[in-house]
Amino acid sequence: MTGAFLRIKLPPTFFSFYGNLSIAFEMETDRPETASSKTTGKLSSACYLLCAAGCLFPGLLALRDLLLGYSWHVSLPLSGVLTLSFRGGGLSAYFVVILSILGFCVSVYSVGYARHSSASWPSLLLYGIFVSSMYAVFYSANIPAFLVSWETMSLSSYFLVVSDTKNPESARAGLLYAVMTHIGTAFIMAAFMVMYFATGSLEFTAIKAGLSGAGGLRSVIFVLALTGFGTKAGIIPLHTWLPRAHPAAPSNVSALMSGVMIKSGIYGILLVSLDILGGQPTLWWGVAVLSAGAVSSVMGIMHALMERDIKRLLAYSSVENVGIILLGIGASMIFSFNNLPSLAGLALAAALYHVFNHAVFKGLLFMGAGSAVHATGTKNMEEMGGLIKRMPWTGLFFLVGSVAICALPPFNGFMSEWLTFQSLIMGIKTSVVLTKTFMLLAGAALALTGALAASSFVKAFGITFLGVPRSQKAEGAHESSASMLLGMGILSLLCLLLGIFPGYMLRLISNIPLPGLGSLPQFTPGAFAVTGVASSGVLPIVLLGALLAGAAFVFAFPRLAGGRRKTTKTDPWDCGSRIFKKIYKPRKEVRIEYIVKPFFTREIEYRSEITPLAEAYFYRPFVRALHNVAHFAKRLQSGNLQLYLGYILGTLVVLLVVWG
Amino acid sequence: MPKAWVVVYSITDFITIGMLLTVVAMNSLKRMESFLRAYTINSLLLALLMAVSAFYLDAAHLYIAAAVTLVSKGVVIPFLLKKVVRQLKITHEVEPNINTPLSLVISSILVVVVYSSLSRGIFIEGFTENPLKVSISIILISLFIMITRKKAVTQVIGLLLMENGLFLAGFSLTYGMSTIIELGVVFDVLMGVIILGVFLSQIKKTFIDLDLDKLTTLKG
C-alpha cells in the first residue's frame, strides 16, 4: 500500500520542480548566441504551465483524501539514523488543496507576467523549488522532513525576494527577511528539540503519544512554536519583514508568499498546538493566541490604511488577516479549555475557512496589483488612477478581491468573518465570565478591523482604478494578457463560489481530524445556519439577490429621481491619521524653495510620514542597546598587542589565585 | 636509592632556579645581544636539566630529547635570531613600557603568586614540585616581558621563553614526554622562528620600524 502511494503521490508533487529544472538548464545552455527574448518567453511559459499542471494532481488527490477521510504515510530512509517521512490526509490535505488552487492560478498568471518582465532562468527554477518545498512542508510527518522543507521554502523565497538585482531596496528587504525568518526557524528548531529530548522520537505521531503526560514542557513547546511560526505568519511585532519583502518580490511570488507561505506559519501553529500537543489546551495559550490575533488584526489594518505603496498595503492587510485567523484559533482554544467542544469546533472551522479564503482573495489581489504595477511601472498608488478604463478586466477582478477582503456578502470573506463573529458572539453568551470578557474584546477588535479594512480597500481600489490618471505612466497603461486574466478570473470565480456555497466548504473542514471539528454542526449547502449551537443563519443566495437588487436601485434611483450628478470638489479626507494620532505618530512637512519670495517658487516638497510602531518601540531600542554594548566592547579592542597580552596575563594570574 | 634522590633534588633545583634567574634578569637587559644570550643560557640550562634527569632516571629517550633541545634551542634558534637582528640592524630595545625597577618588582610578585597558589596543588610532590612552580613562573614572567617591551624581536624571544617554560612544565609533570612528541614540538618551534623572522622583516619593510606601537594603525 505504501509503495503504491509513493508512486502515486510523490511524483506529481515534485513534477513541477523537475520540469522547471530541466527547462531552466536548457534555457541557460542555449542562451548566449541563439536565444532571442521570444524563445526565452516561450520556454518560461512552458515552464510555468508545467508548474500549473504539477499543482493539479496533488490538489485533486488531497481533495479526495479529505473528502473520503483517507490518510497515507511514506517513509524515505536516507541513512541509518535519518529518515524523511511524509503523510497526507487531514490537516495536511486541507493546506495542500489551498496551495494547489493558488499554485495553479498563480502559475497560469505567471505565464503572461513573466513574458514581459525580465525573468531569468534562476528565478524560474526557484519558483519551482519554492512551490515544491511548500508542498513538502505540508506533507512532512517527522522533524527532519519538516525542517529541511521549511528551510528550503525560506531560502528559495529569500532568493526570489532578492531576484530584482537592479533595486538596492530589494536586497535590504531580503536581508531583513532572511534575518527574521532565521530567528523564527531557530525558535522552531528549539521547539522540535524539546520535543525530541522529551520523547526520543522524531515522528510527529510518536511525539504526540509521548507528550500526552508532560505538563510544563508542553507550554514551553507551545511558546517556542508560537514565536517561531508566528514570525513566518507575520504576527505583530514579528511582522516587520512582511511589508518589506512582499513589495520587493515579483508579484506572482508575493501572491504565493502572502497566500500560502505565511499560512505555513498558521499550519505550524495548528500542527503543534492542536495536533502534536493535542489534548486540552491551557487557558493562557488561547488568551495568548487571541491577543496576538487582536493586536495583529487591528494594527495591521491601521498600517495598511496609511500605505501609498499598493503592495505594502496588501502586505499589511495580510498581517491583519493572519490576525483574524488567530482570533478564531485562540477562541477555539479558550472554548475547548472551558469544555465547549461544539463552539471550539465552530471557531476553528471559521479560522480554517478564513485561511482558505484569504489565500484565494489575497492571491487575487496581489496578482491584480502586479498587473497594475506592471502596466504603469510604479508601485505608488498616487501615480496610478483611472486604470479601470484602461484595464477593465483587471479592475473588475481587483474589485472582486477587494469586496471579498472587506468581508462584504456574497463573497467568501464575508462567510468566514461572519463565522468568526458568530463564534465570538456565542462565546459572549456562555456563562464563564473570563471567556465572555475575552470574546467581547476580540469581537470589538474584529469589528474595528472590518471597518478599517473596508476603508483601506475603498482607498486602494478607488485611488488605483477610479478617477483620472495622475501620471503619464498611468495614462499609457494597457490591459494584461489573457493568461494573467485567466489566473485572476479563476480566483474571482472562486471568491464568489466559496461565498455562495459555504456549506460544502464546511463539510470539507469537518473531515479534518482536529479536536472539535468532528462535532461541527451540519450545514445545509444552500441555507447557511449554525444549528445545534444557536439559531442564527444567513441565506447566501438571498444575500446575493438582495445585493444585486440594491446595486440596481443605487444605479437606477438617481437617474429616475433626477438627482444631482454634477462633480463636486471638496477637501480630501486625511485618512484618519488625526484620529489615530497616538498610534500613527504622523509627521507632516511642507518645504518650499523660492526663487523670489513669495511669488516664484522653484520647488515645493510635501512630505507626510507615519511612524511604524513596532519598529520604533520594539526593534529600534533593541538595536540601539546592541550598538551601545558593541561600542563599549570596542574600547577593549585598542589594537595594541601589549594590551592584549596584558589581558591574557591578568586572566592567568586571576585563575591561578582563584583555582590554584 | 635515597641518597641519589637527594642529589637529584638539589641538582634539579639548582638548574631550574638558574633558568628562573635568567628570565628575571631579562627584565633589566636592554641590549639585544645580551637579551639573546640570556635566552641561550636559559635553553642550555633546560637541556642540561634533561640530561641530568636522563642520567639519574636512566631513561635513554631523555638523552635524545636533551640533545635535540641543545641543538635546536641552544644553537640553531639563537643563530637564526642573531642573523635577523643583524639584518634588521636592531641593537637596543627602546625604553620599555614599564621601567626596570618596577618590572623587577612585578616579576617577583608573579613568582610569589605562583609559589603561594601552587603550594595548595594536589598533584605536586617530590621531584617535580619545584620545577613545575618555576616553569609556571617562567611562563608568566616571559608573558610580562612581552607586555613591557616594544620591539617585535623581543616579543619573539619572549614567546620562545614561554615555550621553554611550557617545555619545562611538561617535562616536570611527565618525566619527559615520548620522543616523537618532543621532536614535533621542537620542529614546530623552529618553523615558528623562521616564519616570525620573515614577519619581522615584513613589518620592518612596511612600518620602517620594528616598534609594535605602529601596529595599532592597522585597527579598523
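Numbered from 1 within each chain, the chains take letters A, B, ... in sequence-line order. What you see is a predicted model, and the numbers here were worked out from it, not measured in a lab.
- Applying the salt bridge (Lys or Arg N to Asp or Glu O under 4.0 Å) test to A/Lys311 and every residue at least two apart in sequence or in another chain returns nothing.
- Remark: B/Tyr39 engages no residue in a ring pair (Phe, Tyr, Trp, His ring centres under 6.0 Å) (not counting sequence neighbours).
- Contacts of A/Leu652 with chain B are made by side-chain atoms alone, with heavy-atom separations under 4.5 Å and no backbone atom involved.
- In summary, the aromatic rings of A/Trp150 and A/Phe229 are positioned with their centroids under 6.0 Å apart.
- Looking at heavy atoms from C-beta onward, A/Phe159 lies out of side-chain contact with A/Ile129 at the 4.5 angstrom threshold.
- When heavy atoms are compared at a cutoff of 4.5 Å, A/Ile648 approaches chain B by way of both its backbone and its side chain.
- Only the side chain of B/Leu110 comes within contact range of chain A, with at least one heavy atom under 4.5 Å from a heavy atom of that chain.
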